[in-house]
Amino acid sequence: MAMDKTFDAGSAEPRIYAKWEAAGAFKAGANAKPDAETFTIMLPPPNVTGFLHVGHAFNHTLMDILMRWKRMQGFDTLWQPGLDHAGIATQLVVEKQLAELGEKRTDYSREDFIAKIWEWKAISGGTIQEQDKRIGAGMDWDRSAFTMDDTFHDAVIKVFVDMYNKGFIYRGKRLVNWDPHFETAISDLEVENIEKDGHMWHFKYPLAGGATYDYVEKDEDGNVTLRETRDYIAIATTRPETMLGDGAVAVHPTDERYAPIVGMLCEIPVGPKAQRRLIPIITDEYPEKDFGSGAVKITGAHDFNDYQVAKRAGIPMYNLMDTKAAMRADGKPYVEEAAIAQAIANGEQTFDEAMIAAMNMVPEEFRGLDRFEARKAVIDAITAEGLAVMVEGPPNEDGEVCMAPEMIPYVESKKIMQPFGDRSKVVIEPMLTDQWYVDTAQIVEPALDAVREGRTKIMPESGEKVYFHWLENIEPWCISRQLWWGHQIPVWTAQVPTLSGEVGSWKVNVGDEISRAKAKKFLDNDRLDEKAMGGRLTQGGLLTMEFCAASLEEAQEQIAEVWLARTGQKPSLFSEINTDPGDWYLNYGHSPEGKGIPMWRDPDVLDTWFSSGLWPFGTLGWPNDTPELAKYFPGDVLITGQDILFFWVARMMMMSNAVMDEDPFHTVYLHQLMRDAKGEKMSKTRGNVIDPLVMVDEYGADALRFTMGQMAALGGVLKISEDRIKGYRNFGTKLWNAFSFAEHYEIPNSGNHTLPKAEQTLNKWIIGETAKVRETVDAALETYRFNDAANALYAFTWGKVCDWYLEFSKPILQGEDAAAKAETEATLRWVLDQALIMLHPIMPFITEELWGLADSRDTLLVTADWPTYTAADLVDAEADREMNWVINLIDSVRSARAQSHVPAGAKVPLVVMGLDAKGQSAWDNNSALIQRIARIETLNHVDAFPKGCVTIPMEGGTFGLPLAGLIDVPAEIARLEKSVTKLGKELGGLRGRLNNPKFVESAPEEVIAEARENLALREEEEAQLKAAIARLAELG
RNA sequence: GGGUGAUUAGCUCAGUUGGUAGAGCGCUUCCUUUACACGGAAGAUGUCGGGAGUUCGAGCCUCUCAUCACCCA
């Protein structure tokens, strides 16, 4: 049966993949030797909304290479697949679908909306898993996990409850990154800072009571450059709309310009004139003297830097915006709010966080405006009032200097870093809200130690530095999201009686340091002692307590116990409510009897990364004690993009140590983002996206995979181009043709090809080369140098097997020596088999197809055994040297022929001068193939070369091609002289080194020996060349 | 502003404890020779970003400058 001309990837790949699946080749433990070590890789779960892009293709290919390699080596392997529920991304997809029907999320109940998402998932989710099969990824699909599965949900809730009980999780009012589009908090990592064109406005804050001071500016030498009397302090801001929430103006403590007015009050120049708020001028290290005016307005609730300043100085933080980042429209009239605020600023009234949070400092004229509209309105109002700092406008168009230049407001145009939501692409608003946090400081140490102590290795090493830098400065992790799709936080709040039996309102702020410590004590000792918790009763008449539990029932049990302890009666009726407890009391009054005890669950869901942090063990059935968990946890290698080192890798490290008390894997292989051939990020707008599936259609999965492997240099930039993929498709065809060569020569293909006992130099040589490449490939894969493995296999297959071995075998295969022929046939089949085996992890499809051409095989290639022979066993040094000599001679003859324009087909005679015994035997052993490949007619021994002879210097003798008439003497002299010049440089270097006593003293012996040997060889070659030039010169 | 990395052939990139530079693609010339034109043969191209230092010896180590990229402010 004749082979097809090329491998038809399009039709073969699905057929082969189906065969693998049918054979259970990807199941955990396939091809495992008895009592084998395990090798586990957890697939970084793609978003359930995801499609296979080139980054996945790269990432998954590397994992598949390792898995296939380890499986063939007989490890007990598991490649665990799965999908991430991807909170925002998934909710967004379904909301978009609703929008097409003219519906909104809020048209549905939470339950109904979540049901819609599950519906969507059943139909469209997880497309990527089918796409993964196209690139040959062999995962244990039956084990595919989903971060919203019931068992996974159990794991998430259990971890939350445990961590809560250990005091690792707390709720607090903090400044968070608020996404006004999705109306949820997001983590720092989900914010992209992008530099945009922006403006900086300069405004005057008048000093209270019309006070004035001497404002003096000096240059570097202390000379006065400006002196004027001012009744204001100028501030510069990029966000005028937040002026309404200012709590102070800060200057640097060493700033002499403002020293006279520190401690004084100034007026926020916006809002109704009668209620202008006065705020203090304070000092803080934060303002930079040279930036803007050197004075910074402090708006603690809407800026991260200001937040720190405000916390340090006890400045109130007024929240100005609603969840859509529009100016607040709730609360009391501005007049009343402003009066209270003023009392606070004057120190006449105490305040607490909750009180400040409730106050709306937005004057009526701005209420309800979008933040950007509000910005314009504020600027206009201030400018109209003459409180903008003014500067001279640009000259008139005719360029003449006017007598009275027009004065315009001072607005600097500059680049401003602005935070954007990575999903929503809208400007993130810092907002002061109640959120849940993981106190990462408490769980970070084991994760740091793992890497510090080398238990977990990050590759490339630079990743470790980045890892340390981030984890050593880690911020609390905000884990609550105001979404519907996700794991809802398992915390209920319920009404409980006070110890004295009365009903009061008791709010514990576990966010601040003191009460958190107390809270921990409380948890350790007595759940019921609210005094230990540092709680305090307020006037509201409602006492509530927080209950963290794995289920509603457990929460109710906890609540009931509190009631039992305090009232002596255990209640059994509960009333789940969704509204604010205050509203509940409006409805039911203060008597819960008959209605049940009011309780409500925190509506927020957990950050997606909280659940994916549990991936390494959640996928194996934890918290259940499954055999898989015992066997495959902890895993071995994590392969993932550098971009999620913090998002995911660091969190898995922390969570795994916190929950399992073990590191989740011993090696983290980080790679960069996949870029296009020019190094640009791929994006739809740029139009430079390479679709891996299109590449698979065009060139086959193997070509794409080989390209991926070949690119995967540690720490390297990943630039992919179609030309490259095409090149490796050609490589596949080359391999294919090696087999069609074997078919053509009718070499038996039993399928049972064992290592032959070789007598022929040629066969000894290629067997040795095979052993060398096996060692190279294993060494490369052991150290995750996929590129080295791929390149070694490419060079072996094409450069050794196809270019030389197959060519060399032709005379034997067509020759009369039956023993030599049989040996060569057996060797050839064995070598080709080895190539298939070693190439299989990178190019699984074509190798499996070629493997299947044999008459019979014990197994599919995917579960064939990986070789273990070594170069030490199989390399025959003598055969090695001889074949290299032969290859060298052929190369030189070919080169000389081409230089002299000898027709390719013409056979020419060869002469040799002074051939030594070794050279003679090398020639004798291989004359047939040298003559065939180099197209040599005869070899004659001569004492002197004839006239017009091209010289070929070789070790052990000088060969010559007598080409009288054909040879261009001056050109040949030029060619030889060029070689001599090149040699001269090398000789110079070698002699320089060897003549340097310090080199001989300090260099290692083998280096010196090598240099000496090299020098001798080069000198011999130089002598041969010079003699040749001399002969030619006589001719000319 | 802080951090990390990069700068090597026309292009894209390798180069593993310092021993004197490689691959693929592209390019030039020749060849349809019985595995393969998705091929074969031959060939050209680099003071390894600049400068300084350590060393017998530096693409590799140190310092410095320049440019670029990414991450974090």
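Note: hydrogens, waters and symmetry copies are ignored here, and every other heavy atom, side chains too, is used. Each chain gets a letter, A, B and so on, in the order its sequence line appears, and its residues count up from 1.
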Reading RNA chain B from 5' onward, which residue's closest nucleotide shows up sooner: A:Thr733 or A:Trp804? A:Thr733
5'-most by nearest nucleotide on RNA chain B - A:Arg785 or A:Gln710: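 Upstream on the strand: A:Arg785.
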Whole-Å distance between [N] [atom2] and [X] [atom1]?
X: A:Leu1015; N: B:rU20; atom1: CG; atom2: C1'; value: 15 Å
X: A:Tyr794; N: B:rC25; atom1: OH; atom2: P; value: 5 Å
X: A:Asp4; N: B:rC36; atom1: CG; atom2: P; value: 14 Å
X: A:Phe420; N: B:rC72; atom1: CZ; atom2: P; value: 15 Å
X: A:Asp803; N: B:rG24; atom1: CG; atom2: C1'; value: 15 Å
X: A:Leu813; N: B:rU34; atom1: CG; atom2: C1'; value: 13 Å
X: A:Glu743; N: B:rU34; atom1: CD; atom2: P; value: 19 Å
X: A:Ile846; N: B:rC36; atom1: CD1; atom2: C1'; value: 12 Å

Between [Y] and [X], is there a salt bridge with N-O shorter than 4.0 Å?
X: A:Glu1021; Y: A:Arg1018; answer: yes
X: A:Glu429; Y: A:Arg239; answer: yes
X: A:Glu769; Y: A:Lys772; answer: yes

With a 4.0 Å limit, can you tell me whether [X] has a side-chain N or O closer than that to the phosphate oxygens OP1/OP2 of [N]?
X: A:Trp736; N: B:rG39; answer: no
X: A:Tyr745; N: B:rA35; answer: yes
X: A:Asn737; N: B:rC38; answer: no
X: A:Lys5; N: B:rA37; answer: yes
X: A:Lys810; N: B:rU33; answer: no

Determine the Euclidean distance between corresponding [atom1] atoms of [M] and [N]; express it in Å to zero decimal places.
N: B:rA23; M: B:rG40; atom1: P; value: 15 Å
N: B:rG59; M: B:rU55; atom1: C1'; value: 16 Å
N: B:rC61; M: B:rA14; atom1: P; value: 15 Å
N: B:rU67; M: B:rC30; atom1: C1'; value: 43 Å
N: B:rG19; M: B:rC27; atom1: P; value: 35 Å
N: B:rA69; M: B:rG57; atom1: C1'; value: 33 Å
N: B:rU34; M: B:rG22; atom1: C1'; value: 35 Å
N: B:rC63; M: B:rC68; atom1: P; value: 22 Å

Answer with base, sugar-phosphate or nothing: what part of the nucleic acid does [X] contact at a heavy-atom distance below 4.0 Å?
X: A:Leu806; value: base
X: A:Asp891; value: sugar-phosphate
X: A:Asn791; value: nothing
X: A:Glu807; value: base

Counting only side-chain heavy atoms from C-beta out, which of [options] sits nearest to [X]?
X: A:Lys998; options: B:rC56, B:rG43, B:rG40; answer: B:rC56
X: A:Asn787; options: B:rC38, B:rA35, B:rA14; answer: B:rA14
X: A:Asn730; options: B:rG39, B:rC56, B:rA14; answer: B:rG39
X: A:Arg724; options: B:rA14, B:rA35, B:rU12; answer: B:rU12
X: A:Phe999; options: B:rC38, B:rG24, B:rC56; answer: B:rC56
X: A:Arg894; options: B:rU34, B:rU12, B:rA41; answer: B:rA41
X: A:Ser895; options: B:rG43, B:rC36, B:rC25; answer: B:rG43
X: A:Trp798; options: B:rA35, B:rC38, B:rG39; answer: B:rG39

So does A:Arg729 reach the base of B:rC38 with its side chain, donor to acceptor, closer than 3.5 Å?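 Per atom types, the contact qualifies.
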Mind checking who [N] pairs with, Watson-Crick or G-U wobble, both distances under 3.5 Å?
N: B:rC27; result: B:rG43
N: B:rC36; result: none
N: B:rC68; result: B:rG5
N: B:rU17; result: none

Are [X] and [Y] linked by a side-chain donor-acceptor pair shorter than 3.5 Å?
X: A:Trp851; Y: A:Asp833; result: no
X: A:Tyr728; Y: A:Asp702; result: no
X: A:Arg932; Y: A:Gln814; result: yes

With sequence neighbours left out, what residues match A:Lys5 under side chain to side chain contact (heavy atoms under 4.5 Å, CB included)? none
I'd like to check the side-chain hydrogen bond (donor to acceptor under 3.5 Å, both in side chains) partners of A:Ser11; sequence neighbours left out, ordered by chain and number. A:Asp8
